[in-house]
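Step one of this worksheet: look at the structure below.
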Amino acid sequence: MPEDYKETLNLPNTNFPMKANLSEREPLILNFWKENKIYEKLQQNNRAKNKGQFILHDGPPYANGHIHIGHALNKILKDIIVKYHSMTGLYCPFVPGWDCHGLPIELQVDKSLGKDKEKVDILKKRQLCREYAEKFINIQRDEFVRLGVFGYWDNPYITMSNDYEATIVREFLTFVKNGYVYRGKKPVYWCPSCVTALADAEVEYAEKESPSIFVSFEVIDKDRFPLKDQSLYVVIWTTTPWTLPANLALAVHPDFDYVGIKTSKGVILIVKEAIKNLKDKIELDEKPIFEVKGSYLEGIKTKHPFVDRVSKIVTADFVETGEGSGIVHIAPGHGMEDYEVGLKYGLEIYAPVDDRGKFTEEVTYFAGQNIFVANSQIIDLLKEKGLLLWEGKVTHSYPHCWRCKKPVIFRATTQWFISMKHENLRERALEEIDKVRWIPHWGRERIYSMVERRPDWCLSRQRSWGVPITLFVCKKCEQVLIDETLFNKIEKLVEQEGSDVWFRLDLEELLPDYSCQKCGSKEFQKEKDILDVWFDSGVSHAAVLEKNKDLSWPADMYLEGSDQHRGWFQSSLIASLGNKGKAPYRIVLTHGFTVDGQGRKMSKSLGNVIAPQEIIKGNGADIVRLWVSAEDYRDDIKLSKEILSRLTEAYRKIRNTLRYLLGNIYDFDGKDYSHNLLEIDKWAMLKLQKLIGKVKKAYEEFEFHQVFHAIHNFCVTDMSAFYLDILKDRLYTFKADSSERRAAQWVLYQIAESLIKLISPILSFTAEEAWQHLPFKKTESVFLDEMPELDKGYLDDDLEKRWERLIEIRDEVNKALEIKRQEKFIGNSLEAKIIIKAKDDLIQFLKPYYEFLPTLFIVSQVDVIPEHLEKEEFIIEIEKAEGQKCQRCWNYSPMVGALEIPQLCPRCYHVLKS
RNA sequence: GGGCCUAUAGCUCAGUAGGUUAGAGCGCACCCCUGAUAAGGGUGAGGUGGUUGGUUCGAUUCCAACUAGGCCCA
C-alpha cells in the first residue's frame with residue numbers, strides 16, 4: 001500500500017466558496033457596506049485626498065412603478081463610472097434623484113379616486129399624488145440599492161421637496177424677468193364635453209363616421225394661369241367641415257405637380273395624382289389644361305367660401321396625395337400641422353370655438369352653434385354657394401376622450417412659452433452643444449438638429465400635480481405682473497411651505513395691493529396652470545448641482561438613454577442657458593435601449609420582458625452588473641436567457657480564478673519576493689501590467705465591454721489555461737516556504753489583489769466578498785483602496801516575444817499530445833516524454849529553457865535534438881515517459897524506486913526529508 | 001413619412017486609414033484528468049461579414065438603395 005502523500009502537499013485552501021449563491025450572499029454584503037459606513041468613508045477619504053473630483057449628475061427617474069431593466073442598466077452604468085473614478089482617488093459624490101410631478105401619477109390618483117375625482121379639492125388631490133410618489137421613491141430606492149449602486153440614498157433630491165420646488169419657481173421667474181416667457185396660442189386636444197384640455201396620453205382612438213367633402217376656393221389671381229375668362233377653383237378635402245370658419249390658408253406640396261382640370265363645376269386645381277380620386281365623383285376631363293409645380297402656387301390668393309377673407313396658398317412638406325386633392329385646408333388653431341404652418345407663415349392661431357365646443361360670436365352664420373351640429377349646416381351653405389364639389393361619408397380612426405368617450409377636437413388655447421428667439425437662445429444653445437463632448441459622437445448631430453428646429457417651449461399644462469406658474473395677469477389689459485420683490489416673496493413662500501401654498505392662499509393673500517404696471521388696474525388673475533415637468537427636471541442643475549454643497553456646477557457628466565436628447569439633455573440645456581448662459585454638463589453619454597435576443601423591444605404584449613428583480617433572484621445582482629458591462633451600450637442592448645446563461649458561465653470562470661488565487665495564498669507570509677521570480681513569474685507580472693493598462697484605459701474611455709473581455713480573457717487564457725496550470729506543480733509539491741513557492745505566491749497575491757480591484761466597479765459584490773478573503777489587505781473594503789498602478793518595471797518586450805514563441809511551441813506540443821491521447825497512448829500529459837527535433841536557431845533559443853520545458857509542457861521529460869529539417873522549424877514526437885510515476889508529484893522519473901522511499905522521485909524525497 | 005443609429009460565427013465582442021486562408025473568449029462536439037472537483041486541461045468543427053447595386057485592379061472595410069431592428073418625431 002503506497003503511503004497517502006496527498007497530506008504532504010500544499011493544496012489550495014480557502015473559505016471563499018466556489019458556489020456564489022449571490023441571491024443570498026449579496027444582501028449580507030449590502031449590510032456590511034451599510035454597517036461599516038463604507039460609502040461615507042469613501043467620500044470622506046477622497047474629499048481629504050484633494051485629488052480633484054468627478055461629478056456625475058443623476059437624471060431623475062419617474063417615481064412611478066417598480067424599476068425595469070432599463071433603469072437598472074442606467075444606474076449600473078453610472079455606478080461603474082462613479083466607482084471607478086472614486087477608486088482613482090477622485091471625489092465623486094453621487095446624489096440620486098426622482099422626478100415626482102406630472103400626469104402619469106395624477107392619472108393613477110384619478111383612477112384610484114374613481115367618481116370622487118371631480119369633487120376632491122386640489123390640495124387633497126396633490127396630497128394623494130405626493131403620497132403616491134413617495135411610495136414609489138421608497139420602492140425604487142430599495143431596488144437600486146439592491147443592485148449595489150453606491151450613492152446618497154438617504155438624502156436624494158426629489159423634485160417635489162420644498163427646496164426643489166422653490167428652485168423651480170425661482171428659475172421660472174428668472175426666465176420671466178429676463179423676457180423669455182410669453183403667452184401665446186397653441187392647439188391642444190380638448191374635450192368639449194368634459195370642458196378640459198387633454199394630454200396625448202388621455203386620448204384614445206376609435207372609429208367615427210365623419211362627413212367627407214371636397215370644397216372649392218375661388219382663385220383671385222387667376223391671371224397667373226392660362227385660362228380664358230373661366231373661373232379657377234382650388235379644391236380641398238376635409239372631414240371636419242366645422243374647421244372651415246377657421247381656415248386661413250391652403251397648403252400644397254412644393255414638389256408635387258398640380259393641374260388645372262375642366263369639370264362640370266368649372267376649372268379646378270388639384271394635384272395630378274388626385275385625378276383618380278375625383279374622376280368617379282364628378283364629371284371631369286382627365287386631360288389637364290395646364291400643369292404647374294406646387295412651389296409656383298405659393299402666395300396665390302383665394303376667396304374663403306363663406307367668410308369675407310382671403311386664404312393664401314402656402315407650401316408644406318406634409319401634404320400627401322393618397323386621399324383628397326393634394327391641397328390641405330389650413331386652420332392653425334385646429335391642428336398641429338396647421339399650427340406649425342401658421343407659425344411659419346405668421347398666421348393667426350385662430351380658433352373661434354369656445355370651451356364647450358360652440359362657435360364664438362365672431363363666426364358669421366354659425367355663432368353659438370355646436371360645431372358637430374354645424375357640420376351639416378356648413379355643408380348646406382357650401383352647396384348653396386355652389387362651392388361644394390362632392391359630399392360623402394367616411395369612417396376613420398378619430399381621437400376620443402378616454403373619460404367620456406366622446407370625440408375630442410383640436411383647439412388653440414392660451415399657453416405659456418419660452419421663446420427660442422429671445423436673446424438668441426437657439427443660437428446660443430447650438431453653440432453650447434458644440435462645446436460638450438457627446439458619447440457616442442453622433443449624439444451631437446442628434447441634439448443639434450433637434451434644437452435647430454424645435455418650436456418654442458410650451459411650459460404650461462392645465463393640470464393639478466405640478467409646480468404652479470406663479471404669475472399674476474392683469475384682468476383688464478392682460479399684462480403680466482413682473483416685480484422682483486413679489487417674485488422673491490413667492491419663492492420664499494414656496495421654500496417654506498411648498499408650492500401648495502399657491503393653491504391654498506387666495507389672490508389677496510398672495511398679492512396685497514398691487515396695481516398693473518401698464519393700465520393701473522388693481523384686478524389681477526392668479527394663473528392656474530402648472531409647469532411642464534420637463535422644466536422641473538431641467539432645472540436640476542440649479543436645484544442639485546448648485547445648491548448641494550457636496551456637488552458643484554457644471555456636472556462632469558450626464559448619462560441617460562438616447563431618448564433624452566429630446567428630453568432631459570435639451571430641457572437642462574435650455575433651462576441652464578436661459579439663466580446661466582452655459583450648458584450644465586461637460587460630457588453627455590447616452591446608451592441604447594434594452595431589447596430581446598432578436599433585437600426587438602421589450603414589451604408585455606410580446607412577452608419578452610426580463611425584469612431585473614427576476615435576475616437578482618435567480619442569478620444575482622452581479623450578473624445584472626456583468627451584463628451591463630459586457631454589452632456595448634452605444635447600440636441597443638440585448639438581453640435573453642441565452643445571454644444570461646453565457647454571462648453566468650463567464651462569471652463562474654472569473655470567480656473560480658479568484659478562488660484559486662486565494663486558495664493558493666492561504667499560507668503566504670506577505671513578504672516581498674519580487675527578487676525571487678522565475679522567468680514565467682515575470683511573464684505573469686508582465687501580463688498583469690498589460691491587463692491593468694488595458695482595463696484602466698477602457699474604464700477611462702467608458703468602454704466597459706472591453707473591461708469585461710480583457711478580464712475574462714486574462715482569467716481564461718493567461719491564468720487558468722496557462723500560468724495557474726503550470727504553477728500547480730510548484731505550489732503543491734515544493735517545500736511550503738521555499739523561495740520558489742513563495743515567489744509564486746507573491747505573484748498570485750499581486751494578481752489577486754489587482755484583479756479584485758479591477759473588477760470591483762462591475763462585480764461589486766463578488767469583489768467585496770473576495771476582498772474579505774484576501775490576507776494582508778490594506779483597507780476594510782475594496783472600495784476604500786485605489787485602482788492598481790501599472791508597474792512599468794515589468795514591461796519587457798524581449799521577454800514578451802520569447803514567451804510568445806514558447807507558447808507557440810507549447811501549442812504544437814499540445815496538438816501532438818492530443819493525437820496520442822485520442823489513440824489512448826497516453827492519458828495525463830505527465831505520462832509523456834516529448835522529443836523536439838529542431839533546427840539550429842530554435843535549439844539556440846531553447847537552450848536556456850531546457851530544464852524548464854517539462855514544467856512548461858506539463859510533461860515528465862523533454863529531449864531537444866538538433867536536426868536538419870527542410871520545411872518545418874521543428875518536429876514533435878511523443879514517447880512514454882521513462883521510469884515510474886512518483887506517488888507524490890505524479891511526475892515520471894527513472895529514479896523512482898531507486899531511493900530510500902521507493903515511491904518517490906528525488907525532488908519529493910528531498911522535500912519530505914528536510 | 002422625417003431625423004439619428006445599428007446590422008461580423010449559436011452568444012458577447014475585436015479588427016481592416018480597402019489588399020494574401022476575417023480574430024478572441026464563451027457555447028457546442030470529441031478526448032483527458034479526478035490534488036481548483038456542481039472544478040481543471042487539450043483538440044476540433046462553426047462565418048455567402050443583413051441584401052442588392054456602384055466606385056476600384058481589388059470591399060467586410062468607401063458610396064447608394066433596400067430589408068430588418070432601435071430611439072425620437074410626424
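Note on naming: letters A, B, ... go to the chains in the order of the sequence lines (proteins, then strands), and numbering restarts at 1 for each one. Note that these values count all heavy atoms, side chains included, but never hydrogens, waters or copies made by symmetry.
When the C1' atom is used for both B:G25 and B:U8, the distance is 16 Å, rounded to whole Å. One P atom belongs to B:U60, the other to B:G53, and the distance between them is 13 Å to the nearest Å. Distance noted for atom P between B:U16 and B:C62: 11 Å (whole Å). To the nearest whole angstrom, the two P atoms, one in B:A65 and one in B:A29, are 45 Å apart.
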Can you list, pair by pair, the side-chain donor-acceptor contacts under 3.5 Å of residues 595-607 of chain A, counting residues two or more places apart and other chains?
from: A:D596; atom 1: OD1; to: A:Q598; atom 2: N; distance (Å): 2.9
from: A:D596; atom 1: OD1; to: A:G599; atom 2: N; distance (Å): 3.1
from: A:D596; atom 1: OD1; to: A:R600; atom 2: N; distance (Å): 2.9
from: A:D596; atom 1: OD2; to: A:N608; atom 2: ND2; distance (Å): 2.7
from: A:S603; atom 1: OG; to: A:S605; atom 2: OG; distance (Å): 3.3
from: A:S603; atom 1: OG; to: A:L606; atom 2: N; distance (Å): 3.2

List, one per line, each side-chain donor-acceptor pair under 3.5 Å for residues 707-724 of chain A, sequence neighbours excluded.
from: A:T717; atom 1: OG1; to: A:N713; atom 2: O; distance (Å): 3.3
from: A:S720; atom 1: OG; to: A:K653; atom 2: NZ; distance (Å): 3.2
from: A:Y723; atom 1: OH; to: A:D681; atom 2: OD1; distance (Å): 2.6

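Counting distance only, with no hydrogens placed and no angle test, the side-chain atoms of A:S720 and the base atoms of B:A36 include a donor-acceptor pair under 3.5 Å. Between the side chain of A:R446 and the base of B:C71, a donor-acceptor pair under 3.5 Å is found.
Between the CD atom of A:E818 and the P atom of B:C32 there is a distance of 9 Å, given to the nearest Å. Whole-Å rounding puts the A:Y660 OH to B:G41 C1' distance at 12 Å. The nearest whole Å value for the distance from the CD atom in A:E703 to the P atom in B:U12 is 18 Å.
Using a 4.0 Å cut-off on heavy atoms, the residues of residues 819-826 of chain A that approach RNA chain B are A:R821, A:Q822, A:K824, listed by number.
With sequence neighbours left out, A:Y339 forms a ring pair (Phe, Tyr, Trp, His ring centres under 6.0 Å) with no residue at all.
Rounded to the nearest 0.5 angstrom, A:L658 CG and A:L763 CG are separated by 9.0 Å.
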Under 3.5 Å, which N/O atoms of the protein pair with N/O atoms of nucleotides 63-65 of chain B?
none

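Remark: A:R566 does not engage A:D563 in a salt bridge, criterion side-chain N to carboxylate O under 4.0 Å.
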- Run the numbers on A:K19 and A:E24 for salt bridge (Lys or Arg N to Asp or Glu O under 4.0 Å), then give the verdict. CA-CA 11 Å; A:K19 194 167 178 343; A:E24 284 169 35; over 6 Å; no
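Between the side chains of A:N664 and A:Q745, no donor-acceptor pair is found at a separation under 3.5 Å.
Annotated as anti: B:G25, whose O4'-C1'-N torsion sits more than 90° from 0.
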- Bracket notation of RNA chain B in which parentheses pair within the strand, [ ] cross earlier pairs, and | pairs with another strand (Watson-Crick or G-U, under 3.5 Å): (((((((..((((.....[...)))).(((((.......))))).....(((((..]....)))))))))))).
